Amino acid sequence: MDFKNADILSTEQFDRASLEHLFEVALKMEPFAKKEKKGDLMNGKILASLFYEPSTRTRFSFETAMKRLGGETISATEIASSSIFKGETLADTAKVVEKFADVIAIRHPESGSAQVFADNASIPVLNAGDGPNQHPSQSLLDMYTIKKECGKIDGLTIAMVGDLKYGRTVHSLSLLLRHYDVKIVLVSPDELKMPKEYLEKFDEKGLAYEEILDLGEAAKKSDVIYMTRVQKERFTDLNEYEKLKNAFVMSRGLIEEANKKAIIMHPLPRIGEISLDMDDFAGSAYFRQVENGVAVRMAMISLVLGKA
Ligand code: NCD
């Protein structure tokens, strides 16, 4: 993949070589992400963040990445309810925002919205989550975290737990894991299974996967356990959500019994899927993911702007 001037809309765009390249750049960005050094790589550049759906960490992470590299940010949040943009098409907004900024991060509730935006903006567009579809920057930081925590990706067994139907982070992550020699374990209620299209992508690459309905059993055979929140905002029937929200909960008792060496990940926010007593478990990596996210987004921004 040629990063320069590219839009990053889906993890489908990545192959193993481009992933490894991004990891190398992210590693070099770590001192800036960790506030050890002040960067100037992005001097004179502006990131526009457009968030049509609520977000704290993803937006903060993109904006922090830009600012700590010496760039600036302009942002609009909860745009769907803002009168400035009311009724304006995504295409028009894209044509306007490209005049202000050098790179755009967009989050929007509809699948495919980031693509529409990219089709209409001449500057790089980074998808920060388009409905239940994709969330590439999250999965890039997840892969980076797996590699850092485990020292490798090949040979691992990785469990994805919770809302595999609407969870865009596990959709994006699935596409990236295909480039490695891993085994996948899927843990979800029947109603929230991984969509067929992703299972077909595993099959295409000959990637082994199995569905397990017991979290303890899944934990026993997994090196990494990626927990997710049941995506309340995608449900039309809230009773259905209530029924499913705590289907799988990771607790200290469960993991101590099943697998003391496991790495526990979560894109956050957690809403009860990981009990608080997990926070000082050695393998709990969810807050470390947040720090890695800044370095990875620094890498994304500088790569698409041809500055890495
Ligand atoms: C994820 C998202 O928005 O898809 N969170 C995030 O990026 N911080 C996961 C989630 O909301 O459950």
Side-chain angles (χ1 to χ4, degrees), residues 8-11 33 47 49-65 75 77-80 104-114 125-146 159-176 186-189 191-192 194-195 198 224-235 238 241-242 244-250 264-275 278 284-298 300-301:
I8 300 182
L9 305 177
S10 163
T11 49
L47 166 90
S49 51
L50 279 99
F51 280 70
Y52 292 78
E53 251 190 3
S55 159
T56 318
R57 83 211 70 238
T58 302
R59 185 169 65 83
F60 278 5
S61 182
F62 269 114
E63 294 184 1
T64 302
S75 75
T77 57
E78 313 265 349
I79 310 172
I104 297 169
I106 178 174
R107 168 170 292 190
H108 191 281
E110 278 163 40
S111 295
S113 49
V125 172
L126 308 174
N127 180 7
D130 61 331
N133 187 36
Q134 284 272 313
H135 193 349
S137 65
Q138 178 68 46
S139 308
L140 293 168
L141 80 87
D142 293 338
M143 293 294 282
Y144 185 73
T145 301
I146 293 172
M160 292 186 260
V161 184
D163 189 346
L164 307 185
K165 180 180 180 187
Y166 297 119
R168 54 194 171 197
T169 64
V170 283
H171 298 161
S172 289
L173 185 60
S174 295
L175 298 182
L176 294 180
L186 303 168
V187 188
S188 66
E191 295 85 341
L192 298 175
M194 182 69 84
Y198 292 97
V224 175
I225 303 164
Y226 191 97
M227 302 295 299
T228 64
R229 171 181 71 90
V230 175
Q231 307 279 298
K232 184 178 182 181
E233 63 275 36
R234 313 281 175 227
F235 283 75
L238 283 184
Y241 165 74
E242 288 297 328
L244 299 172
K245 69 176 182 189
N246 286 327
F248 297 101
V249 176
M250 176 57 72
I264 312 298
M265 294 175 61
H266 193 302
L268 303 178
R270 68 172 150 182
I271 312 290
E273 317 75 50
I274 300 183
S275 63
M278 285 297 297
S284 289
Y286 32 94
F287 294 118
R288 295 194 284 274
Q289 278 169 267
V290 178
E291 186 170 73
N292 293 335
V294 177
V296 166
R297 291 186 174 103
M298 282 175 168
M300 291 173 71
I301 293 169

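The structure displayed is predicted, hence computed values, not measured ones. What's counted below: heavy atoms across the whole structure, side chains too, no hydrogens, waters or symmetry copies. When a ligand or atom number is given, it counts from 1 through the structure's own listing order. If you read the sequence from its start, that first residue is 1, and numbering goes on from there.
When every heavy atom of M250 is checked against every heavy atom of M278, the shortest pair comes out as O-CG, 3.7 Å.
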* Chi angles and distances behind the side chain to side chain donor-acceptor pair (under 3.5 Å) call for Q138, S172 -> CA-CA 8 Å; Q138 178 68 46; S172 289; over 6 Å; no
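The side-chain contact (heavy atoms from CB on, under 4.5 Å) test applied to A285 returns T145, E149, I263, M265, R288, not counting sequence neighbours.
Of the possible polar contacts, one joining the H171 side chain to the L164 backbone as a donor-acceptor pair under 3.5 Å is found.
At a threshold of 4.0 Å, the pair E233-R168 does not count as salt-bridged, since none of the basic side-chain nitrogens sits closer than that to a carboxylate oxygen.
Residues with a heavy atom under 4.0 Å from ligand 1: R57, T58, R107, H135, Q138, R168, T169, R229, Q231, P267, L268, P269.
Atom-to-atom distance recorded for L173:CG and L141:CG is 9.5 Å, nearest 0.5 angstrom.
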